[in-house]
2 protein chains.
Amino acid sequence: MSKIKVTSTNHANKQDLAERCVEVYAAQTIGGQWALVISCWLMHGKLRFGELKKLLPNITERMLTLQLRKLEADGIVTRTVFAEVPPRVEYELTPIGYELKPVLDQLEKWGDKHKKLRQK
Amino acid sequence: MSKIKVTSTNHANKQDLAERCVEVYAAQTIGGQWALVISCWLMHGKLRFGELKKLLPNITERMLTLQLRKLEADGIVTRTVFAEVPPRVEYELTPIGYELKPVLDQLEKWGDKHKKLRQK
DNA sequence: GACATTACTTACATTTTTGATAGTATATAA
DNA sequence: TTATATACTATCAAAAATGTAAGTAATGTC
């Protein structure tokens with residue numbers, strides 16, 4: 001499941017950075033091209049796999065799965081499978097997941113300011 | 001200088017995400033393996049290229065250059081060259097760069113909490 | 001029995017990011 | 001004259017992330 005090479009310099013560097021700098025640790029945890037948007041949407045409440053897919057029209061099922069699994073592994077979302085056919089799976093933020101709110105808020109604030117500056 | 005393929009799906013997706021979600025826009029702007037740590041160090045004041053290198057013992061000069069150039073292009077740091085030999089170049093956060101502080105603070109806060117949860 | 005639905009998985013290809021290594025310029029000091 | 005220090009640049013190689021396309025399971029519906 002993991003394609004990372006534990007012996008690579010890159011891997012070592014990432015680990016080192018995460019250990020020495022909590023900010024980097026946090027950034028790595030919510031990193032990945034789609035993880036942040038997914039978190040943003042889940043802030044509003046739980047969603048099914050298919051609902052997320054509709055909200056992110058360009059994402060492939062593969063990527064959505066991968067990122068959700070990573071978020072799950074990192075304790076940021078929970079995955080609830082209902083024994084139905086066709087299957088139903090719901091994703092919801094964990095408490096620590098919901099605590100990302102202030103981070104997202106600050107990112108939004110800063111992003112807005114930066115965007116405006118750039119437009120001038 | 002840019003190795004990105006403007007015609008790729010990946011590129012299109014990134015653009016799209018950044019447009020639709022300011023949080024992602026912000027995250028992309030300070031993304032890159034080393035950009036955040038560099039920003040953290042620069043929060044304390046301006047630094048020379050060589051000083052940054054010492055603070056990040058594992059970074060290659062190439063990567064340090066690349067990330068600093070990106071930060072410069074994005075208006076987050078300024079680059080001041082002194083006409084001396086050997087050369088001296090100083091990097092400092094711009095006003096909007098310094099405004100990353102609250103973002104870093106929140107990342108730190110969250111990162112700490114998350115780390116503690118994981119250790120249990 | 002064929003079909004639709006949903007949330008996936010698998011194998012492979014492409015793109016993007018990062019790393020390794022070896023250069024370069026140039027005034028000053030030895 | 002050679003060496004030194006500093007902030008780079010240029011190539012090439014490796015690793016990591018993302019995308020493409022095609023499957024799968026299982027049950028209820030027609």
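A, B, ... follow the sequence lines: proteins, then strands. Residue 1 opens every chain.
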*Asks:* For a quick check under 3.5 Å, do Gln33(A) and Asn10(B) share a side-chain donor-acceptor pair by atom type?
*Replies:* yes
*Asks:* Identify the two heavy atoms, one from Lys5(A) and one from His11(A), that lie closest to each other, and give their separation to 0.1 Å.
*Replies:* O-CB, 3.5 Å
*Asks:* Just the rounded figure in Å: distance from C1' of dT18(C) to CG of Asp16(A).
*Replies:* 16 Å
*Asks:* Rounded to whole Å, please give me the gap between CG in Leu64(B) and P in dA20(C).
*Replies:* 15 Å
*Asks:* Tell me whether the count of non-hydrogen atoms from other residues, nucleotides or ligands lying under 6.0 Å of NZ in Lys101(A) goes above 12.
*Replies:*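 Incorrect, the count does not exceed 12.
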*Asks:* How would nucleotides 13-20 of chain D be written as a contact map, 5' to 3', with B for base contact, S for sugar-phosphate-only contact and - for no contact, using protein heavy atoms under 4.0 Å?
*Replies:* --SSSBBB
*Asks:* If you measure from CZ on Phe49(B) to CG on Leu64(B), what distance do you get to the nearest 0.5 Å?
*Replies:* 4.0 Å
*Asks:* Could you give the CG-to-P distance, from Leu47(A) to dT6(C), as a whole number of Å?
*Replies:*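 Rounded to the whole Å, the gap is 15 Å.
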*Asks:* Could you state the atom-to-atom distance from CD1 of Ile38(B) to C1' of dT18(C) in whole Å?
*Replies:* 13 Å
*Asks:* When the distance from CD of Gln28(A) to P of dT17(C) is rounded to whole Å, what number comes out?
*Replies:* 16 Å
*Asks:* Do you know which two heavy atoms are closest between Val103(B) and Gln106(A), and how far apart they sit?
*Replies:*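 Looking at all heavy atoms of both residues, the shortest contact is CG2-O, 3.7 Å.
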*Asks:* Does NZ or CZ of Lys46(A) lie under 6.0 Å from the centre of the six-membered ring of Tyr91(A), at an angle within 45° of the ring axis?
*Replies:*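 Ring-cation test returns no.
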*Asks:* Please give, in whole Å, the distance from dT26(C) C1' to Glu84(B) CD?
*Replies:*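 Distance check: Glu84(B) CD to dT26(C) C1' gives 13 Å.
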*Asks:* In this structure, how many angstroms lie between the C1' atom of dA26(D) and the CZ atom of Arg88(A), rounded?
*Replies:* 16 Å
*Asks:* Does Pro86(A) or Leu68(B) map to a spot on DNA chain D nearer the 5' end, using the closest nucleotide for each?
*Replies:* Leu68(B)
*Asks:* Name the closest nucleotide to the Pro87(A) side chain, picking from dA27(C), dT6(C), dT9(D).
*Replies:*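 The nucleotide sitting nearest to the side chain is dT6(C).
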*Asks:* Over all strands shown, is Phe82(B) touching base, sugar-phosphate only, or nothing at heavy-atom distances under 4.0 angstrom?
*Replies:*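 Nothing, no nucleic acid heavy atom in range.
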*Asks:* Can you tell me how far CG of Leu42(B) sits from CD of Glu51(B), rounded to the nearest 0.5 angstrom?
*Replies:*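 It is 10.0 Å, given to the nearest 0.5 Å.
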*Asks:* Calculate the interatomic distance between Tyr91(A) atom OH and dA7(C) atom P; express it in whole Å.
*Replies:*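 About 9 Å, once rounded to whole Å.
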*Asks:* Using a cut-off of less than 4.0 Å, is there contact between a side-chain N or O of Arg79(A) and OP1 or OP2 of dA7(C)?
*Replies:* no
